[in-house]
Amino acid sequence: MRREGPAFLVVMGLAAVFVGLGILFLVAPRLGALVFGVAAPEGAALVYLPVIGLRDLAFGLYLAALAILASRRTVGIVLAITVLIPVGDMILLALTRGLAPQLALHLLSGLAVGGVALWLLKADDNDTREDIA
């Protein structure tokens, strides 16, 4: 994937959002829980919030590394698979909180990740070796 062009910038923007969310959950786990849409657990269960932070931080870093080192198709496939995360988050949140306002954030996340995946993969249909232009 070439390091210039709109697709690279969009992918790096997504990576930055996930890194930012990861850092939020690591440094302010209760605020992270509020953004996610659930009450922060008490006691030993509080450890699950930094786990979410590490997941998001790692994903953001994976995505940035892929944008720099891998093909457009590879990044698109990884993003397409990653749509499972916001979909799963929405299902879990809906089952525990019903129609919480935070569902919109998870929906937006899923649409953004899925939309970028489709964009990368559709442009790649012409030539699987094509870099981002």
Side-chain angles (χ1 to χ4, degrees):
M1 179 179 258
R2 287 192 352 221
R3 294 184 188 157
E4 63 266 350
F8 178 79
L9 294 175
V10 169
V11 171
M12 292 303 281
L14 279 176
V17 168
F18 281 99
V19 166
L21 285 171
I23 291 170
L24 173 66
F25 272 91
L26 290 171
V27 300
R30 292 181 190 285
L31 179 58
L34 180 66
V35 169
F36 187 89
V38 296
E42 296 300 325
L46 190 62
V47 74
Y48 285 106
L49 297 179
V51 168
I52 292 170
L54 289 172
R55 175 193 77 172
D56 287 347
L57 179 63
F59 175 67
L61 294 174
Y62 295 155
L63 190 54
L66 284 171
I68 294 167
L69 301 171
S71 71
R72 180 182 189 122
R73 181 173 181 78
T74 300
V75 176
I77 290 168
V78 168
L79 284 173
I81 294 167
T82 301
V83 172
L84 290 171
I85 294 172
V87 168
D89 291 347
M90 284 181 3
I91 291 169
L92 293 171
L93 186 59
L95 290 173
T96 58
R97 298 267 329 268
L99 291 176
Q102 290 86 349
L103 280 172
L105 291 173
H106 296 287
L107 177 63
L108 184 61
S109 173
L111 290 173
V113 171
V116 173
L118 288 174
W119 178 39
L120 293 175
L121 292 171
K122 180 160 178 40
D124 194 57
D125 282 345
N126 296 329
D127 183 345
T128 58
R129 294 166 290 145
E130 178 184 338
D131 283 332
I132 291 180

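If you're wondering where the values come from, they're calculated on a predicted model, not measured in any experiment. Values reported hereafter were calculated over all heavy atoms of this structure, with side chains retained and with hydrogens, waters and symmetry mates removed. Along the sequence shown, residues are numbered consecutively beginning with 1.
- Screening residues 80-104 for ring pair (Phe, Tyr, Trp, His ring centres under 6.0 Å) gives no qualifying pairs among residues at least two apart or on separate chains.
- Exactly one of Leu79, Ile77, Val78 qualifies for a side chain to side chain contact (heavy atoms under 4.5 Å, CB included) with Val75. That residue is Leu79.
- Closest approach of Gly60 and Ala15 over heavy atoms only: O-CB, 3.3 Å.
- By the rule that hydrophobic residues join a cluster once side-chain heavy atoms approach within less than 4.5 Å of another member, Leu61 and Leu14 end up as members of separate clusters.
- Met90 CE to Leu105 CG: the interatomic distance, rounded to the nearest 0.5 Å, is 11.5 Å.
- Listed by first and then second residue, the ring pair (Phe, Tyr, Trp, His ring centres under 6.0 Å) pairs involving residues 59-112 are Phe18-Phe59, Phe36-His106 (not counting sequence neighbours).
- Applying the side chain to side chain contact (heavy atoms under 4.5 Å, CB included) criterion to Leu49, with sequence neighbours excluded, gives Phe25, Pro29, Ala33, Ala40, Pro41, Leu46, Ile52.
- Counting only heavy atoms from C-beta outward, the side chains of Thr82 and Ile85 approach each other to under 4.5 Å.
- The number of heavy atoms from other shown groups lying within 6.0 Å of CG (Leu99) does not exceed 12.
- Minimum heavy-atom separation, Gly37 to Leu93: O-CD1, 3.2 Å.
- Atom CZ of residue Arg72 and atom CG of residue Leu121 lie 9.0 Å apart, to the nearest 0.5 angstrom.
- Contact of the Arg73 side chain with the Leu120 side chain is not registered, since no non-hydrogen atoms from C-beta on lie closer than 4.5 Å.
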